[in-house]
Structure formats: C-alpha cells, structure tokens
J.: 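Below is a structure I'd like to ask you about.
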Amino acid sequence: MPPDIAGLWQRDLVAFASRNALLPLDELAAEHGIGQSTYKPAFWEMCNYKGKLYGVVSTPATMGLHYNRRSVLELGEKFQAAGLDPTRAPKSIAELDQWAKLLDIRDDRGAIRRAGYLPKEPGWYISFTPFWFGGQLWNPETAEFHFTDPNTIRAFEWIQSYPKRLGKAALSDFSSAAGGFGTPNSPFIAGTCSMVLQGPWMGNYMYQLRPASCEWVVPRGVEMFLPRTARAFNYEWAAEAMPADDPTSLTDVTFADADVLLIPRGAAHPKEAFEFLAFVTRQDVMERLNSMHCKPSPLAKVSDDFIRKHPNPYISVHERMAFSPNARPQIKSPMQAEIAAEYELAIDEIYLLSKTPRQSMTDLQKRARAKYDAHLKRQALRQVHAGTASESAP
Amino acid sequence: MSSRERQNFVKGLLFVSPWLIGFLVFTLVPVGLSLYYSFCDFSLIERDTAGKTQAIWVGTENYRQLFQDREFYRTLKNTGLYAILSLPAGMLVSIGLALMLNAPIRGQAIYRTIIFLPSLVPVVASAMVWMWLFNARLGFFNQLLATIGIDGPAWIGDKKWALPALAMMSLWGVGNTVVIYLAGLQDIPRDLYEAAEIDGAGAIRRLFNVTLPMLSPVIFFNLIMALIGTLQVFALPFIMTGGGPERSTYMYTQYLYEKAFAYLQMGYASAMAWVQLLIILGLTAFAFWTSKRWVHYQGR
C-alpha cells in the first residue's frame, strides 16, 4: 500500500505520471477551488502532464545570476574604464564575459585564484544554458529532441569558451581545491568565484555560512526596518536574472524548478490527502513555508508582507523571474533521467574539450533518439502483451 | 525415522528457522523473482488502472536490447579493466605484505594491526580521504610528485588516470586478505622449509618451491573472492567519481543500479544482473579449471 502523500522533485513527476503511478488531481483540486489561475504559469505547467494535474508545488525555485557585489565594486574603476556599470548586473552574455575576465585573478603559474564566472560552478543547471540562447531542448508536440538546434550549439560553444580561455588543467586544479556546496569553502561563498547561476536558497546559505556578507552596512536585526529598496545595500552579494545572449528579445529567462506533493495511485485516503495539499496551497501557509525556505511563492497572488519580510533580499527578482513567460521548466519526458545522464556525458565532453559542441550535440541527439525509440518499442510491447499500457511517450 | 529422531528434526528446523525464513524471504524469493522480471517490462512503480503493480512478460526482449546497448559494453569494458588492474595488484601486494608480516620481527603484532586497520574504515570515509589524497592541487600524491619536479595528473578528474587511480585505491583494503594469507603461511609445515634448506634451496627457491605451492589453495580462495568482488565494484567509483569523467569509471553495477532505480527499468536491470552472474560464474569456472594445474592441496 503506497503512502497517502509523497514528495518528489518536479523533474521526476512525469516519469511517475507516465507510468500510471500517480493519481490525477484535477477533480480534487477543482473541489478545493485550485486551478490554473491559482499558480504562476510556469508552476502550473510543470505539474500538468498530458492535460492532467498530478501534483501541487510545495517549494519552487527560479535560477538567477548571483554575483559578488563587493568584488565588483572594488574593481569599479576598471569596470568603468571598460565601459561597464559596476552598480548593476550584466545585461547580456557578452557583458557577463567581460565581467568574468575583469574579475579573474590568476597567479604567476597561471593557477586560478579567483574566477569571474565558471559554467560548472556549481554547474547544476548547465544543461539548461540553451534557454538563455533561445534554444529549445525538446518539443513535446512532436516528441523530438533539439540538441542540434543552432541556438543550443551556440550555448555550448559559449560554455566551451571558458575551458578554452582559462585552460582545462587550470579549471581542474581550481575545482579540485574548491569546497563542496553548502560549506564555507564553496567558491561563491568563499569569494573565489564571483558569479554563479544559483537558486534563491543562496540567501539562507550566505547568511548561515558567511553572515558578514549579509551585514555590510547594518546588523541583520536592523535591516528589516530599512525600506525594501534599501535592503540590498546591506549585502555584499546580489542576485538578478541571468542575462540572455540577446537581451532585446529574451528577458528574465530562468529555469524554474520545484518540489512537488502528490498522491500515489492506490493511496488509501486520497480525499484526506488532498485536504493537506490544499492546506499547503493556502496563500498564508505557502508564504510561510517558502519564506523559511528562502524561496518565492508558486502562487499567482503574493502578499506585500511576503516580499517585505522575506529573508532573501532579492525575492522580488525571483518573483519577477517566476512570473516571466521565459520561466522554463524541465523537459517533460518519461525518460528524463536517462536523457539527463546522456546530456551530462555530452557536457563533460564539451567542458573537457574532448569534442566540439557540434560533434557532442550531434552524438547526443543520436543517443537520445535511440533511447527514445527503445522506450517507444517498450510501450508498444506493453500494449501487445498486456492489452493495456501506461501512457505512451512523450 | 523414529519418533525421537522426528522430534529432534523438528527442533532442529525450529532452531534454524530464523535463518531459513530470512534466506527464503530475502535471498531465494528475490533471486527467483529477478529471473522472472528479467523477462518482463517492470519498473517497480508502474501501475495498472486498479493501482496494482504491472510486470508485463516481454520474453527475451530485455536480453536482446542489452546486447545492443553501448553502455553495456562500455561498463563491461571499464569493469574488466578495473579487475585486470586491481586484482593482480591486490594479490601481489597482499601476498607481499603477508610474507613480510610473517617474518619474526619485533613489533610484529603492531604491524599486523596497522595493515588490518584500513579494512575496518567504512567505505564512504575512506573514499573521502582518498579523494583528498588524489586532489590535483592539494593532494598528497601530487605534493609528493612535486618534490621531485613532476607535475602530477588530476587523477580522478582525468579520464586517463581515473580508473588506474581507483585500482590503486583498492589496495587500501587488502588487510582482510593479508590476514587470510598470514593464516595460510603459518599453516605451512616447518619441516618442508628444513628439507628445502638441506637440499640447498635459497630464500627465493624456498618462496617459489615451498611457500607459494603450499599457499596456493589460499591464493585460489582469495582469487575467487577478489574476482567476484572486483566484478561487482560499485561503492568506490559511485562515491568518488560518479562514473566520470566522461564515463571512464562507469562500472557495470552502477549502470545496473541506475537502470533499476533512476531509470525505473527493473526488468532490464534484472537481465543485467543475470548476465553479470553468468559472467562471474563463467570466470569462476575457468579459474577452477585452471586450478588443477597450479593449486596444490596437502595430503593429495
């Protein structure tokens, strides 16, 4: 007997839903007045699969550029000399590259002492880089992968420009000496990597692991009394939407992710289980929960208090990204995990300069297609042998 | 069977029943089920409309797909290479250590304890320590190499060095094997060495003509155990490299685990497990066949 409620990463929702392991929640949600208008579009979209609702978001996240404001301001003159404004985040990928070069510090041996930006630091969202280049990874309508899309290849050419510029050995040397995430030695927290693509939880991590970086001007207790717009000045770090390659056509691009709550098929008390899900979805509960997680709210309606009292001073940035039409979730494929593993290999090949992005992405396209065909074959076999089947791909 | 014998038989069964039930429930039934599932499309979580688990019979499809799977051959190759590197190295080092520890020297018990201690360290803890030893910038090995002017590799961060580095690390846990070799060495009758000495055999001749032949049953036992262990290697590469870089340390058991629990293809993973069993069985049978030529049992 499965549990009444389960929690998953959103990326696993489709794998479970497509295997008939989850209860569709549309009717129960409608009974509680929960529907499309309850959520920000990206978070509603990610819980639906083939027109059915399979989960509700508990804690969402949007990924943005986090940068070390102090390091940037210390180099103010150099920035200005290069025609850059150190008082605001970079506005395009080209500008981000300029920032990165100015922020890099290398010793006599060429070892990286401080990196401006490293696509693999921490690299959790490197596979979604094509989003910032207007690339598409997967078309759910045609069930086709788009790894050879020119924009996707351009995104990986940009990624490869980093090991090419900094040197593979220097990068390996740097990452081997870096502390793991969630430790004071992790590069962004320690100040050895000035810009990272990260989620809103950085607000908590920075405060826990480097409190001084969150009390640049006044102690934290006093900060809450500052006007909302002035709070950011108290922080040595800042967050903004990761700039796109072409900022004129793409703004507030983000990868949207979430933890979701769902009801497994066969659960003994689905109605009661949904009562709890509806409770979590209540605006006050959701805001309290996500304040504690340092995250934005997945709900369309957000109170002023949530923004004002939120422990993350950049929560309005995350709220803005979460509402953006360019907030894009994970690939909705039943074999997402398997494709992600193949994708990871391709990224390794690109970052370690073993292959050109075009070669690597062409190979990935073939591997993904083969996996997908094998999956379709399995589904067909299930239909033949069982007379019934779980939903077919995509 | 008399009534007393029957009574004793029932009592005996009752006494062994905890083990018997455990063996049935946790070994025999899962093994039998895995054979069945290897012929099914089964994902652990897949349900029919009534909410029941679905395992659909697909015949030999899993095996057919397996033999067309590039990752199957890649992981098989990586695991084979790892075995080729770590198995002989492990045997040579452990026999060498056992021979040294068998010598009558002062503090023998302390040395034996020191050699045995690493095998008591939990695998995750030792993996963490070794990750630092292999660290490209701060690691012990590269610091050591730097003292003689060699710029060391990135070890587990370099696809050429990652697999040899893991094989090197496997030597860390030879303590168990050393203890078994030591027991074997102490079991060799002294009179054989005396006879060899009278015949004028030096230390090297005694090693090759007395020690190793007399130790051969123990070597054979350790060879079989190491063969099984190395072909199932999982924890160290999984923790230290996750199979990277560029899948250079992606091992068969890790692929099997991911197929079952990450990609939700339990039927396919079961087929992989049975193929792995057959490979290990085949190699073990081969080792038994060759043992007739080089394993010498006392009293035969």
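Quick caveat: nothing in here was measured; it's all calculated off a predicted structure. Just so it is clear: chains get the letters A, B, ... in the order the sequence lines come, proteins before strands, and each one is counted from 1.
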J.: B:Y268 pairs by side chain to side chain donor-acceptor pair (under 3.5 Å) with which of B:D41, B:D69, B:N62?
T.: B:D69
J.: Output yes when a side-chain donor or acceptor of A:D26 lies under 3.5 Å from a complementary backbone atom of A:K52, and no otherwise.
T.: no
J.: When you measure from the side chain of A:D4 to the backbone N and O of A:A268, does any donor-acceptor pair fall under 3.5 Å?
T.: yes
J.: Which members of residues 271-281 of chain B, sorted by number, sit under 4.5 angstrom from chain A on a heavy-atom basis?
T.: none
J.: So what's closer than 4.5 Å to chain B heavy atoms on A:F174: side chain, backbone, both or neither?
T.: both
J.: Quick check for you: among A:R113, A:E344, A:Q336, which has the greatest number of heavy-atom pairs under 4.5 Å with chain B?
T.: A:R113
J.: What residues of residues 253-267 of chain B make heavy-atom contacts with chain A at a cutoff under 4.5 angstrom?
T.: B:Y255, B:K259, B:A262, B:Y263, B:L264, B:Q265
J.: Do you know which two heavy atoms are closest between B:I156 and B:P245, and how far apart they sit?
T.: O-CD, 3.3 Å
J.: Would you mind telling me which of A:S354, A:P2, A:S172, A:A111 has the largest number of heavy-atom pairs within less than 4.5 Å of chain B?
T.: A:S354
J.: Taking the six-membered ring where the residue is Trp, are the ring centres of B:Y63 and B:F39 under 6.0 Å apart?
T.: yes
J.: Check whether A:T152 reaches the backbone of A:T148 with its side chain - one donor and one acceptor, N or O, closer than 3.5 Å.
T.: no
J.: Examine distances only and state if a side-chain atom of A:R106 and a backbone atom of A:L166 form a donor-acceptor pair shorter than 3.5 Å.
T.: yes
J.: With a 3.5 Å distance limit and no angle check, can you tell me whether B:T27 reaches the backbone of B:L24 through a side-chain donor-acceptor pair?
T.: no
J.: Please state whether the side chain, the backbone, both or neither of B:Q68 comes within less than 4.5 Å of a heavy atom of chain A.
T.: neither
J.: Counting only non-hydrogen atoms closer than 4.5 Å, does B:E246 touch chain A with its backbone (N, CA, C, O), its side chain (CB onward), both, or neither?
T.: both
J.: Could you go step by step and tell me if A:E342 and A:K366 meet the salt bridge (charged side-chain N to carboxylate O under 4.0 Å, His left out) rule?
T.: CA-CA 10 Å; A:E342 293 300 329; A:K366 283 184 200 153; over 6 Å; no
J.: With a 4.5 angstrom heavy-atom cut-off, could you sort out which part of A:A340 is near chain B: side chain, backbone, both or neither?
T.: neither
J.: Please work out which of the three classes, parallel, tilted or perpendicular, describes the rings of A:F145 and A:F147, given edges at 30° and 60°.
T.: parallel
J.: Please classify the contact of A:K377 with chain B as side chain, backbone, both or neither, using a heavy-atom distance under 4.5 Å.
T.: side chain
J.: Between A:K168 and B:D158, does any NZ, NE, NH1 or NH2 come within less than 4.0 Å of an OD or OE carboxylate oxygen?
T.: no
J.: Is a donor on one side and an acceptor on the other found under 3.5 Å between the side chain of A:S360 and the backbone of A:P357?
T.: no
J.: Does a salt bridge link B:R247 with B:E71, judged by any charged N lying under 4.0 Å from a carboxylate O?
T.: yes
J.: Highest number of heavy-atom pairs under 4.5 Å with chain B: which of A:A341, A:A15, A:A346, A:A267?
T.: A:A341
